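In what follows, a single structure is set out as structure tokens and then discussed.
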Amino acid sequence: MSRIPLYLKERIEEVNKRALLDSFESQKLPRWEKTAITWFALMIFWMVVSASFHWQNILIGSIVTFIVSLLMYDMFTGDIQSSGNVVIKTLRILLLYIPQYIFIMAFRLLESNLKVMKHAIFLDINPGIVKIDSDLHSQTGLTILANSITLTPGTMTIDTVRKLDESKLYVHWIDVETMDRDKAGSMIKGDIEEWLKNIFW
Amino acid sequence: MIEYVFLLLGVILMITGSIGVLRFPDVYTRLHASTKCDTGGAMSILIALTIVAEAPMLIKVKFLILAFLIAMINPMIAHAIARGAHKSGVEPEGIIDIYARDGF
Amino acid sequence: MTADNLKRLVALLLVLSLAYVLLPMEYSRSDDMVSYEHYVENWEEVGVSNLVMGVLADWRLYDSVIEAMIFFTGVLGSYLLLEDESK
Amino acid sequence: MMMSNIVRTTTKMVSPFLVTYSIYIMLYGHLTPGGGFQAGVILAVSIILLMTAHGSKNLEEKVNETWFKMIENIMAISILIMVSIGLVFGAMFYNFLHRGTFGLPISGGMIPLFNIFVGLKVGAGFMVIYYALLRWF
């Protein structure tokens, strides 16, 4: 690398960054698929809220949710990875990934509640703020990871830093066990990050 | 029978959260207690209500929307309060503070 | 007579006339027919299953429309009051 | 002025559900608890959440103050027009539409229409008040 002049180095870094950004952008879904997924999710929400299977109800619901999904198609589908068929992917997310996530998070939440109970009674705390790395680069994935970290035992996200290739999380740990970044990352994140990589980029 | 277990668990978790808020030393550790015990207690009371409610299945599912919104918004609010406290200069107690060392 | 005194006189007259109309009214509760009994008995007349909405939007629609206009006036007033004078 | 990444994304993820819920309360006001005013408040809150999280400057091209003023005025006028159409059918404030079947979404004559108008009007009105308060920053 020392043979490359300094003024070329910046250009090369810039080109690399742009290629990386393009590769991330190309993983996004096209617009009609985003609209379709939003419509599907809002339709499920409408059926749950209105709690009736009459044809008038279904007709009104489909019209209303179609208009809302045309207006707000980018709100929670903007960062879903595009790979494979849409229908298969949606069904897999609904039937496989979301129950899996709920199953993992329910037990982690119970464990974290019991841990807070233990800390509140014995006051054996050793707090500190540590920094961990993450492989997720999209906003939604990082947000769900941070919210899950807040609900898992003993940790709470203070801030996230999202740059193009590296995203970091600052985590307040109520009982600091290790200062090493990789070890702390694997202890804090657990298997949630692996799960989130299935859906978000 | 099982609904009483969930209801009792929820009440115990809420009480523990309030004890934690009173006993922990600074803002960040108190937020730990309030966030987790609030979310867990509210969700377990909601599960108990779902079992108890005398309604068709389709109406019982409505409780899950409350649970979804609580689980979505509660961690976000804890994060916003913690970040705001750190930005306005509340020093966290403890052995290490990388967030302040990185210049935020 | 100045303008201020005229305003005070008009206000006093309004209050006195309101008192003249409102105070002699019959406020004791009549035992034969209370209003909610009428509402519950004639529920089917409106044709909606939410009785509160039936009262608000059919039997007392006059009240609701004027209430919406009052909200409109409130928005207008706060918009004019909170206008930034520096611009 | 913009809040952090997590707050922005979470409000983005929650807001379509809030909008759908407010439209549900607006359209089903004659069947379930709720009505126009409550639906309008939820609608305004879902937009105010997005605006406080993302910063009002960044949303200037998507939501516009003029639209809200226009919606509020149009809805106020259409409520007045709707209640005075009843004069043709017999009396002022007369429910002139077909009542429909008891307990279905499309029933009750003009009560759903009244709910929709009031909901949009209240939501737009709260947005106008919010913009008026925002001008002091």
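Naming: A, B, ... by sequence-line order, numbering from 1 per chain. Worth saying up front: this structure is predicted, and the values here are computed from it rather than measured.
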Quiz item: Who among V83(D), N73(D), V122(D) has the most heavy-atom pairs with chain C under 4.5 Å?
Solution: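 The residue among V83(D), N73(D), V122(D) with the greatest pair count is V122(D).
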
Under 4.5 Å from a heavy atom of chain C, the part of [X] involved:
| X | result |
| --- | --- |
| V128(D) | both |
| P33(D) | backbone |
| L31(D) | both |
| M110(D) | side chain |

Practice problem: May I ask you to decide whether E65(D) forms a salt bridge with R135(D), counting only side-chain N to carboxylate O separations under 4.0 Å? | Solution: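 Salt bridge between E65(D) and R135(D), a charged N being under 4.0 Å from a carboxylate O: yes.
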
Practice problem: Return the minimal non-hydrogen interatomic distance between A19(C) and P24(C), and the atom names on each side. | Solution: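 Looking at all heavy atoms of both residues, the shortest contact is O-CD, 3.9 Å.
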
Quiz item: Does the side chain of T52(D) come within less than 4.5 Å of Y130(D)'s, by heavy atoms?
Solution: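 Y130(D) vs T52(D): side chains touch.
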
Quiz prompt | Pair F71(C) and F126(D), ring centroids less than 6.0 Å apart | solution =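 Yes, the ring centres sit under 6.0 Å apart.
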
Quiz item: Say you draw a straight line from CG of L49(D) to OG1 of T10(D); how long is it, rounded to the nearest 0.5 Å?
Solution: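 It is 10.5 Å, given to the nearest 0.5 Å.
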
Quiz item: Measuring from I47(D):CD1 to M127(D):CE, what's the distance to the nearest 0.5 Å?
Solution: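 Atom-to-atom, I47(D):CD1 and M127(D):CE are 5.0 Å apart.
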
Quiz item: Given the options L80(C), L56(C), N50(C), which has more heavy-atom pairs under 4.5 Å with chain D than any of the others?
Solution: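 If we count pairs closer than 4.5 Å to chain D, N50(C) comes out on top.
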
Quiz prompt | Residue, of V52(C), D58(C), L76(C), that accumulates the most heavy atom pairs under 4.5 Å with chain D | solution =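 Maximum pair count with chain D is reached by D58(C).
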
